Structures are given as structure tokens and as C-alpha cells.
Student: 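Take a look at this one; I'll ask things after.
Here the structure is a predicted model, which is why all the values come from computation and not from measurement. Values below: all heavy atoms of this structure, side chains included; hydrogens, waters and symmetry mates excluded.
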Amino acid sequence: PMVAVCSYFAPVVQLRDLRTKKVVASLPQPANPYHVAWSPDGRTLAVGYGESTLIRLYDRTTLQPYRTLEGMHWGTAVAFNHAGDRLAASGWGGFVELFDVGTGKKLFATKVVVRAHRFSRDDRRLAGGVQEGKLGIWQVGDSREYRTLGRKALPEKVEYASGAVSPDGRLLAVAMTDGFGLWDLATGSELAFLPMN
């Protein structure tokens with residue numbers, strides 16, 4: 001078990017082992033972090049910053065950032081949905097934003113006072129907006145009918161070729177000019193890339 005911790009007063013995120021309480025890794029940051037959140041599967045760590053509009057996504061295996069999202073305001077708090085394919089962000093400027101984790105695309109943004117945001121258990125609702133003393137709850141569209149699945153680190157000259165869906169409909173395998181990748185179709189997350197020898 002591992003916990004990620006940060007402080008607004010130091011440009012680093014620490015990963016600590018909950019059993020031993022020791023620092024397993026220190027991740028230097030480009031700005032002082034304000035908030036961190038793990039994806040439900042533990043494969044991605046999101047970091048929001050106090051004095052930057054950026055949100056960085058880190059790969060748990062490599063401990064390297066693989067995607068940077070552009071938010072609207074400083075003081076960004078982040079939260080994943082239960083499927084791990086959506087990231088909600090809210091900043092000091094009073095905006096709530098919703099991102100597709102797989103592509104980094106911003107899906108939604110609105111101005112509202114936010115105390116904290118949280119997804120419902122089925123990920124169909126996002127609560128947290130406060131307006132005129134009332135709690136706002138947004139219905140979150142699924143958008144799984146059509147979406148883009150991307151490779152975290154796609155070299156510039158690599159091209160996608162053919163794809164195949166597993167018989168149970170859970171996995172997508174795609175051939176590329178440098179190997180092939182596997183995606184989880186339920187979450188849209190990249191599971192693995194196997195390079196050609």
C-alpha cells in the first residue's frame with residue numbers, strides 16, 4: 001500500500017509506504033503541488049498545482065509524467081471517477097472541468113463555486129457545485145459510443161495498423177509499425193505495449 005503526499009510549500013510529491021512510513025520515491029515538480037489523487041486501479045497519479053494551471057498524470061510503473069492537462073485556474077484539486085477514465089478538476093477561480101484521462105481532452109467546463117467534487121458510485125453524476133446556497137449535481141454523459149484511445153508515449157513516425165476486439169469484448173489489440181498495444185475497452189485505459197524485436 002502506497003500513499004502520495006504533497007505540500008503547497010515544497011515542489012515535490014512523495015510516495016510513502018503505508019506499512020513502513022518510509023519515502024519510496026520523491027517526484028520533483030515544476031511548481032508547488034496543491035492536490036494529488038490516485039486512479040482507482042493505482043496506475044495513474046494526478047497532480048494539481050497551487051500556482052500553475054497544469055495537471056500532470058504520472059505512470060505508477062515508471063514514475064514519469066506521461067500527459068499534461070491544461071486547466072483554467074491555479075489551486076487545482078483533482079478527483080478520478082470510479083472507472084478511472086474521467087478526471088474532475090476544480091481551481092481557486094471557481095471552474096469545474098472534466099477531462100478524458102485516456103486522451104487528455106477537456107470534455108466540460110463551467111464556472112461555479114466548488115467546495116469539493118465527488119462522483120457517484122455509478123459515475124453518472126458529479127456533485128460539488130454550490131450556487132445560491134444549493135448543492136449542484138451534474139449528470140455525466142458516458143461518451144463510450146465514440147471515443148479516442150491513445151498510446152501514452154507514441155513516437156512521431158509510428159502509425160496504427162489493424163485492430164481486433166477480444167471475444168468477450170473487454171480488450172482491444174492494435175498493431176502498430178513498432179509493435180502492438182492492448183487497451184481495456186471498459187475504461188479506455190492502455191494496458192500494455194509490446195515492441196517488435
Side-chain angles (χ1 to χ4, degrees), residues 1-119 123 126-129 138 140 148-154 184 187-191 193:
M2 186 151 343
V3 65
V5 294
C6 69
S7 168
Y8 177 66
F9 301 104
V12 67
V13 171
Q14 290 184 341
L15 303 183
R16 290 180 173 261
D17 186 310
L18 283 175
R19 293 168 294 208
T20 65
K21 300 180 179 62
K22 291 186 178 180
V23 176
V24 176
S26 288
L27 309 177
Q29 299 298 308
N32 290 359
Y34 179 72
H35 198 260
V36 292
W38 285 108
S39 62
D41 63 7
R43 293 183 183 165
T44 302
L45 175 68
V47 180
Y49 299 97
E51 296 180 2
S52 172
T53 60
L54 302 180
I55 301 165
R56 290 177 111 185
L57 301 181
Y58 283 82
D59 180 89
R60 165 74 183 266
T61 305
T62 65
L63 299 180
Q64 295 298 313
Y66 70 89
R67 180 164 291 124
T68 300
L69 310 175
E70 182 67 43
M72 298 176 82
H73 287 279
W74 292 1
T76 304
V78 290
F80 284 94
N81 68 354
H82 296 86
D85 60 352
R86 301 288 182 262
L87 181 74
S90 60
W92 292 334
F95 274 87
V96 173
E97 301 166 276
L98 186 64
F99 294 90
D100 182 304
V101 173
T103 64
K105 181 179 178 183
K106 188 183 298 185
L107 304 173
F108 170 80
T110 188
K111 183 156 178 61
V112 68
V113 175
V114 176
R115 301 290 181 235
H117 45 266
R118 188 164 310 260
F119 286 92
D123 290 333
L126 176 63
W138 293 278
V140 180
T148 303
L149 304 177
R151 189 167 140 194
K152 287 180 182 174
L154 183 66
D184 182 323
T187 65
S189 61
E190 180 185 4
L191 299 175
F193 173 75

Student: In this structure, which one of Asp59, Leu63, Leu57, Leu15 forms a side chain to side chain contact (heavy atoms under 4.5 Å, CB included) with Leu45?
Tutor: Leu15

Student: With side chains defined as the heavy atoms from C-beta onward, is the minimum distance between Val36 and Val5 less than 4.5 Å?
Tutor: no

Student: For side chain to side chain contact (heavy atoms under 4.5 Å, CB included), just list the numbers for Phe80 and Thr44, CA-CA rounded to whole Å, side-chain angles, deciding distance to a tenth of an Å, and then say yes or no.
Tutor: CA-CA 10 Å; Phe80 284 94; Thr44 302; 4.0 Å; yes

Student: Counting only N and O atoms by type, is there a donor-acceptor contact under 3.5 Å from the side chain of His35 to the main-chain atoms of Val78?
Tutor: yes

Student: Ignoring hydrogens and geometry, is there a side-chain-to-backbone donor-acceptor pair from Glu97 to Met72 under 3.5 Å?
Tutor: yes

Student: Taking the six-membered ring of Trp38 as reference, does the NZ or CZ atom of Arg60 fall below 6.0 Å from its centre and within a 45° cone about the axis?
Tutor: yes

Student: Would you find a donor on one side and an acceptor on the other, under 3.5 Å apart, between the side chain of Asp123 and the backbone of Ala83?
Tutor: yes

Student: For Glu70 and Thr53, which I'm curious about, is there any donor-acceptor pair between the side chains at under 3.5 Å?
Tutor: yes

Student: Give me the atom names and distance for the closest heavy-atom approach of Ala79 to Phe119.
Tutor: O-CE1, 3.8 Å

Student: Shortest non-hydrogen contact from Leu107 to Phe99?
Tutor: CD1-C, 4.1 Å

Student: With salt bridge (charged side-chain N to carboxylate O under 4.0 Å, His left out) as the test, would you mind laying out the steps for Asp100 and Arg86 before giving the verdict?
Tutor: CA-CA 5 Å; Asp100 182 304; Arg86 301 288 182 262; 3.2 Å; yes

Student: With a 3.5 Å cut-off and no angle check, do the side chains of Tyr49 and Gln29 form a donor-acceptor pair?
Tutor: yes

Student: Would you check if the side chain of Arg16 reaches a backbone N or O of Lys21 as a donor-acceptor pair within less than 3.5 Å?
Tutor: yes

Student: Just do the side chain to side chain contact (heavy atoms under 4.5 Å, CB included) check on Trp138 and Leu98 with the steps written out, would you?
Tutor: CA-CA 11 Å; Trp138 293 278; Leu98 186 64; over 6 Å; no

Student: Kindly indicate whether the side chain of Arg43, heavy atoms from C-beta on, has any atom under 4.5 Å from the side chain of Leu191.
Tutor: yes

Student: Please report the shortest heavy-atom distance between Gln14 and Ser26, naming the atom on each side.
Tutor: CG-OG, 4.0 Å

Student: Could you tell me whether the side chain of Pro33 reaches within less than 4.5 Å of the side chain of Arg56, counting heavy atoms only?
Tutor: no

Student: Looking at Val101, is its backbone amide N or carbonyl O close enough to the side chain of Arg67 to form a donor-acceptor pair, meaning the two atoms are under 3.5 Å apart?
Tutor: yes

Student: Working to the nearest 0.5 angstrom, can you tell me the gap between Asn81 CG and His117 NE2?
Tutor: 11.5 Å

Student: Would you check, one step at a time, whether the test side chain to side chain contact (heavy atoms under 4.5 Å, CB included) holds for Lys111 with His73?
Tutor: CA-CA 11 Å; Lys111 183 156 178 61; His73 287 279; 5.5 Å; no

Student: Calculate, to the nearest 0.5 Å, the distance between atoms CG and CG belonging to Leu87 and Leu69 respectively.
Tutor: 6.5 Å

Student: Between Pro28 and Val12, which heavy-atom pair has the shortest distance, and what is it?
Tutor: N-CG2, 4.2 Å

Student: Looking at Trp74 versus Tyr34, is the centre-to-centre ring distance below 6.0 Å?
Tutor: no

Student: Does Arg151 make a cation-pi contact with Phe193 (under 6.0 Å, within 45 degrees of the axis)?
Tutor: yes

Student: With rounding to the nearest 0.5 angstrom, report the OG to CG distance, Ser189 to Asp85.
Tutor: 8.0 Å

Student: Please name the pair of heavy atoms, one in Ser90 and one in Val96, separated by the smallest distance, quoted to 0.1 Å.
Tutor: CB-CG2, 4.3 Å

